[in-house]
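Report on the structure given below.
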Amino acid sequence: EPEVTQTPSHQVTQMGQEVILRCVPISNHLYFYWYRQILGQKVEFLVSFYNNEISEKSEIFDDQFSVERPDGSNFTLKIRSTKLEDSAMYFCASSRDLGLADNEQFFGPGTRLTVL
Amino acid sequence: AQSVSQHNHHVILSEAASLELGCNYSYGGTVNLFWYVQYPGQHLQLLLKYFSGDPLVKGIKGFEAEFIKSKFSFNLRKPSVQWSDTAEYFCAVNEKNRDDKIIFGKGTRLHILP
(Lines give C-alpha, C1' and ligand atoms only; values in the text may rest on other atoms or scores of the structure.)
Protein backbone atom coordinates (compact mmCIF):
# COMPACT_ATOMS: atom_id res chain seq x y z
CA GLU A 1 0.00 0.00 0.00
CA PRO A 2 1.44 3.40 -0.95
CA GLU A 3 2.42 5.63 1.93
CA VAL A 4 3.83 9.05 2.70
CA THR A 5 7.47 8.95 3.75
CA GLN A 6 9.50 11.56 5.61
CA THR A 7 13.21 12.10 6.21
CA PRO A 8 14.98 12.40 8.52
CA SER A 9 13.10 10.76 11.35
CA HIS A 10 14.93 12.95 13.87
CA GLN A 11 16.79 16.20 13.27
CA VAL A 12 18.80 18.01 15.90
CA THR A 13 19.95 21.54 15.15
CA GLN A 14 21.32 24.63 16.83
CA MET A 15 19.15 27.69 17.27
CA GLY A 16 19.48 30.03 14.29
CA GLN A 17 20.37 27.27 11.84
CA GLU A 18 18.35 26.44 8.75
CA VAL A 19 16.67 23.07 8.48
CA ILE A 20 14.93 21.33 5.60
CA LEU A 21 12.44 18.59 6.31
CA ARG A 22 11.67 16.27 3.44
CA CYS A 23 8.55 14.41 2.46
CA VAL A 24 7.66 12.12 -0.42
CA PRO A 25 3.88 12.19 -0.85
CA ILE A 26 1.90 9.36 -2.40
CA SER A 27 2.64 9.44 -6.11
CA ASN A 28 -0.80 10.27 -7.58
CA HIS A 29 -1.65 12.84 -4.91
CA LEU A 30 -1.83 16.51 -5.78
CA TYR A 31 -2.50 18.22 -2.43
CA PHE A 32 0.20 18.43 0.19
CA TYR A 33 0.19 19.59 3.78
CA TRP A 34 2.47 20.21 6.72
CA TYR A 35 1.31 19.93 10.30
CA ARG A 36 3.24 20.13 13.55
CA GLN A 37 2.77 18.76 17.04
CA ILE A 38 4.63 20.36 19.91
CA LEU A 39 5.27 17.82 22.65
CA GLY A 40 2.15 17.29 24.72
CA GLN A 41 -0.01 19.48 22.52
CA LYS A 42 -2.42 18.95 19.65
CA VAL A 43 -1.56 18.60 15.99
CA GLU A 44 -1.70 22.01 14.27
CA PHE A 45 -2.05 22.86 10.61
CA LEU A 46 0.83 24.81 9.08
CA VAL A 47 0.32 25.01 5.32
CA SER A 48 -1.37 23.43 2.32
CA PHE A 49 0.11 23.36 -1.18
CA TYR A 50 -1.42 22.70 -4.59
CA ASN A 51 -0.32 23.32 -8.15
CA ASN A 52 3.06 24.61 -7.01
CA GLU A 53 1.71 27.28 -4.74
CA ILE A 54 0.49 27.70 -1.19
CA SER A 55 -3.29 27.24 -0.90
CA GLU A 56 -3.61 28.19 2.73
CA LYS A 57 -1.32 28.87 5.66
CA SER A 58 -1.83 29.30 9.36
CA GLU A 59 -0.59 32.14 11.51
CA ILE A 60 2.20 29.84 12.66
CA PHE A 61 3.60 29.75 9.12
CA ASP A 62 5.47 33.05 9.21
CA ASP A 63 8.31 34.35 7.04
CA GLN A 64 10.73 31.88 8.59
CA PHE A 65 8.91 29.01 6.93
CA SER A 66 8.76 28.07 3.28
CA VAL A 67 7.63 25.07 1.27
CA GLU A 68 8.73 23.77 -2.08
CA ARG A 69 8.15 20.91 -4.46
CA PRO A 70 11.56 20.91 -6.10
CA ASP A 71 11.40 17.90 -8.37
CA GLY A 72 7.88 16.50 -8.74
CA SER A 73 8.25 13.91 -6.02
CA ASN A 74 9.64 15.63 -2.93
CA PHE A 75 7.81 18.20 -0.84
CA THR A 76 9.99 20.15 1.57
CA LEU A 77 9.49 22.40 4.56
CA LYS A 78 12.30 24.86 5.25
CA ILE A 79 12.77 26.76 8.47
CA ARG A 80 15.23 29.56 7.79
CA SER A 81 16.44 30.39 11.28
CA THR A 82 15.23 27.92 13.85
CA LYS A 83 14.03 28.96 17.29
CA LEU A 84 13.72 26.87 20.42
CA GLU A 85 9.94 26.92 20.07
CA ASP A 86 10.19 25.25 16.65
CA SER A 87 11.02 22.00 18.43
CA ALA A 88 8.15 19.69 17.51
CA MET A 89 7.11 16.70 15.46
CA TYR A 90 6.42 17.76 11.89
CA PHE A 91 3.98 15.69 9.86
CA CYS A 92 3.58 15.77 6.11
CA ALA A 93 0.28 14.67 4.55
CA SER A 94 -1.08 14.31 1.04
CA SER A 95 -4.45 13.80 -0.64
CA ARG A 96 -5.83 13.24 -4.12
CA ASP A 97 -7.25 15.79 -6.53
CA LEU A 98 -9.99 18.37 -6.11
CA GLY A 99 -12.33 16.50 -8.43
CA LEU A 100 -12.96 13.85 -5.80
CA ALA A 101 -15.08 14.88 -2.86
CA ASP A 102 -14.21 14.01 0.70
CA ASN A 103 -10.56 13.28 0.18
CA GLU A 104 -8.72 11.56 2.97
CA GLN A 105 -5.36 12.97 3.97
CA PHE A 106 -2.64 10.38 4.45
CA PHE A 107 -0.03 11.23 7.06
CA GLY A 108 3.66 10.42 7.10
CA PRO A 109 5.52 9.12 10.16
CA GLY A 110 6.82 12.55 11.09
CA THR A 111 10.18 14.22 11.66
CA ARG A 112 11.06 15.07 15.22
CA LEU A 113 12.90 18.41 15.19
CA THR A 114 14.91 19.33 18.26
CA VAL A 115 16.33 22.85 18.43
CA LEU A 116 19.08 23.35 21.01
CA ALA B 1 -13.83 29.89 14.67
CA GLN B 2 -13.47 26.24 13.86
CA SER B 3 -12.63 24.10 16.87
CA VAL B 4 -12.72 20.58 18.18
CA SER B 5 -13.18 19.79 21.87
CA GLN B 6 -12.26 16.50 23.45
CA HIS B 7 -13.78 16.12 26.87
CA ASN B 8 -11.21 13.89 28.51
CA HIS B 9 -7.48 14.57 28.55
CA HIS B 10 -6.47 11.36 30.25
CA VAL B 11 -8.50 8.17 30.68
CA ILE B 12 -7.42 5.08 32.60
CA LEU B 13 -9.34 1.84 32.18
CA SER B 14 -8.88 -1.81 32.93
CA GLU B 15 -8.86 -4.38 30.16
CA ALA B 16 -12.34 -5.43 29.00
CA ALA B 17 -13.89 -2.17 30.18
CA SER B 18 -16.05 -0.23 27.75
CA LEU B 19 -14.75 2.99 26.30
CA GLU B 20 -16.38 6.20 25.19
CA LEU B 21 -14.34 9.27 24.32
CA GLY B 22 -16.27 12.46 23.80
CA CYS B 23 -15.76 14.87 20.91
CA ASN B 24 -17.67 18.01 19.99
CA TYR B 25 -16.92 20.33 17.13
CA SER B 26 -17.72 23.88 16.20
CA TYR B 27 -17.76 24.47 12.45
CA GLY B 28 -19.81 26.71 10.19
CA GLY B 29 -20.15 24.39 7.22
CA THR B 30 -20.78 20.74 6.46
CA VAL B 31 -18.02 18.58 7.77
CA ASN B 32 -16.06 15.38 7.51
CA LEU B 33 -15.13 13.84 10.85
CA PHE B 34 -12.18 11.69 11.84
CA TRP B 35 -10.62 9.86 14.72
CA TYR B 36 -6.87 9.35 14.58
CA VAL B 37 -4.78 7.20 16.91
CA GLN B 38 -1.13 7.64 17.83
CA TYR B 39 0.45 4.63 19.52
CA PRO B 40 3.50 5.32 21.70
CA GLY B 41 6.43 6.25 19.49
CA GLN B 42 4.44 5.89 16.30
CA HIS B 43 2.81 8.22 13.80
CA LEU B 44 -0.79 9.21 13.30
CA GLN B 45 -3.06 6.52 11.94
CA LEU B 46 -6.64 6.91 10.78
CA LEU B 47 -8.97 4.93 13.03
CA LEU B 48 -12.22 5.81 11.28
CA LYS B 49 -13.90 8.56 9.32
CA TYR B 50 -17.36 9.90 8.60
CA PHE B 51 -18.04 11.47 5.23
CA SER B 52 -21.75 10.78 4.71
CA GLY B 53 -24.43 8.10 5.06
CA ASP B 54 -24.89 5.95 8.15
CA PRO B 55 -23.97 8.11 11.15
CA LEU B 56 -22.66 5.04 12.97
CA VAL B 57 -19.20 4.44 11.56
CA LYS B 58 -17.14 1.34 12.17
CA GLY B 59 -13.37 1.54 12.08
CA ILE B 60 -10.40 -0.67 12.63
CA LYS B 61 -9.68 -2.69 15.78
CA GLY B 62 -13.33 -2.80 16.90
CA PHE B 63 -13.75 0.96 17.27
CA GLU B 64 -16.88 2.80 16.21
CA ALA B 65 -18.10 6.38 16.34
CA GLU B 66 -21.51 7.99 16.06
CA PHE B 67 -22.12 11.31 14.35
CA ILE B 68 -24.97 13.18 16.04
CA LYS B 69 -25.49 16.29 13.94
CA SER B 70 -27.88 17.97 16.37
CA LYS B 71 -25.29 17.72 19.12
CA PHE B 72 -22.26 18.48 16.94
CA SER B 73 -20.73 15.34 18.41
CA PHE B 74 -18.67 12.41 17.15
CA ASN B 75 -17.96 10.21 20.15
CA LEU B 76 -15.63 7.23 19.86
CA ARG B 77 -16.62 3.91 21.42
CA LYS B 78 -15.28 0.42 21.93
CA PRO B 79 -17.20 -2.20 23.92
CA SER B 80 -14.17 -3.97 25.37
CA VAL B 81 -10.71 -2.40 25.39
CA GLN B 82 -7.39 -4.22 25.29
CA TRP B 83 -3.99 -3.32 26.70
CA SER B 84 -2.83 -2.68 23.12
CA ASP B 85 -5.34 0.18 22.84
CA THR B 86 -3.07 2.30 25.03
CA ALA B 87 -2.47 5.35 22.84
CA GLU B 88 -3.45 8.94 22.26
CA TYR B 89 -6.68 9.52 20.36
CA PHE B 90 -7.40 12.64 18.34
CA CYS B 91 -10.77 13.76 17.06
CA ALA B 92 -10.56 15.90 13.93
CA VAL B 93 -12.73 17.72 11.40
CA ASN B 94 -12.46 19.38 8.02
CA GLU B 95 -14.83 21.01 5.61
CA LYS B 96 -16.65 18.72 3.21
CA ASN B 97 -15.90 18.74 -0.50
CA ARG B 98 -12.69 20.67 -0.15
CA ASP B 99 -9.10 19.62 0.25
CA ASP B 100 -9.14 21.55 3.45
CA LYS B 101 -6.90 21.63 6.48
CA ILE B 102 -7.80 19.25 9.25
CA ILE B 103 -8.52 20.77 12.65
CA PHE B 104 -7.51 18.47 15.49
CA GLY B 105 -8.67 18.27 19.07
CA LYS B 106 -6.14 18.30 21.88
CA GLY B 107 -6.21 14.54 22.20
CA THR B 108 -7.14 12.02 24.86
CA ARG B 109 -4.42 9.90 26.33
CA LEU B 110 -5.84 6.42 27.00
CA HIS B 111 -4.04 4.11 29.37
CA ILE B 112 -5.26 0.53 29.66
CA LEU B 113 -4.23 -1.42 32.74
CA PRO B 114 -3.41 -5.09 32.06
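Numbered from 1 within each chain, the chains take letters A, B, ... in sequence-line order.
- B:Phe34 places none of its side-chain heavy atoms less than 4.5 Å from the side chain of B:Val93.
- Proximity to chain B (any heavy atom under 4.5 Å) is restricted, for A:Phe91, to the side chain, taken from C-beta onward.
- Every residue two or more places apart in sequence or in another chain was checked for a ring pair (Phe, Tyr, Trp, His ring centres under 6.0 Å) with B:Tyr27, and none qualifies.
- Side-chain contact, B:Asn24 with B:His7: a donor N or O sits under 3.5 Å from an acceptor N or O.
- Heavy-atom distances place the side chain of A:Tyr35, and not its backbone, under 4.5 Å from chain B.
- Close approach to chain A, defined as a heavy atom under 4.5 Å from one of its heavy atoms, is seen in B:Gly105, B:Lys106 of residues 105-114 of chain B, taken by number.
- Nearest heavy atom pair, residue A:Val115 against residue A:Leu84, reads O-CD2, 3.4 Å.
- Taking the six-membered ring where tryptophan is involved, the planes of A:Phe49 and A:Phe75 are tilted, since the angle between them lies from 30° to 60°.
- In this structure, the side chains of B:Gln38 and B:Tyr89 stay at 4.5 Å or more apart for every pair of heavy atoms.
- For a heavy-atom cut-off of 4.5 Å, chain A lies close to no residue in residues 53-61 of chain B.
- Comment: A:Glu56 engages B:Lys101 in a salt bridge, judged by a side-chain N to carboxylate O separation of less than 4.0 angstrom.
- Between A:Ser87 and A:Ile38, the closest heavy-atom pair is O-CG1, 4.0 Å.
- Using a 4.5 Å cut-off between heavy atoms, B:Leu46 touches chain A through its side chain atoms alone.
- Contact check on A:Glu104 versus B:Lys49 returns a salt bridge, with a Lys/Arg side-chain nitrogen under 4.0 Å from an Asp/Glu carboxylate oxygen.
- Looking at A:Ser55 and A:Tyr31, their side chains never bring a donor and an acceptor atom within 3.5 Å of each other.
- Residues in residues 17-44 of chain A take part in these salt bridge (charged side-chain N to carboxylate O under 4.0 Å, His left out) pairs, two or more places apart or across chains: A:Arg36-A:Glu44.
- Proximity to chain A (any heavy atom under 4.5 Å) is shown, for B:Gln6, by neither the backbone nor the side chain.
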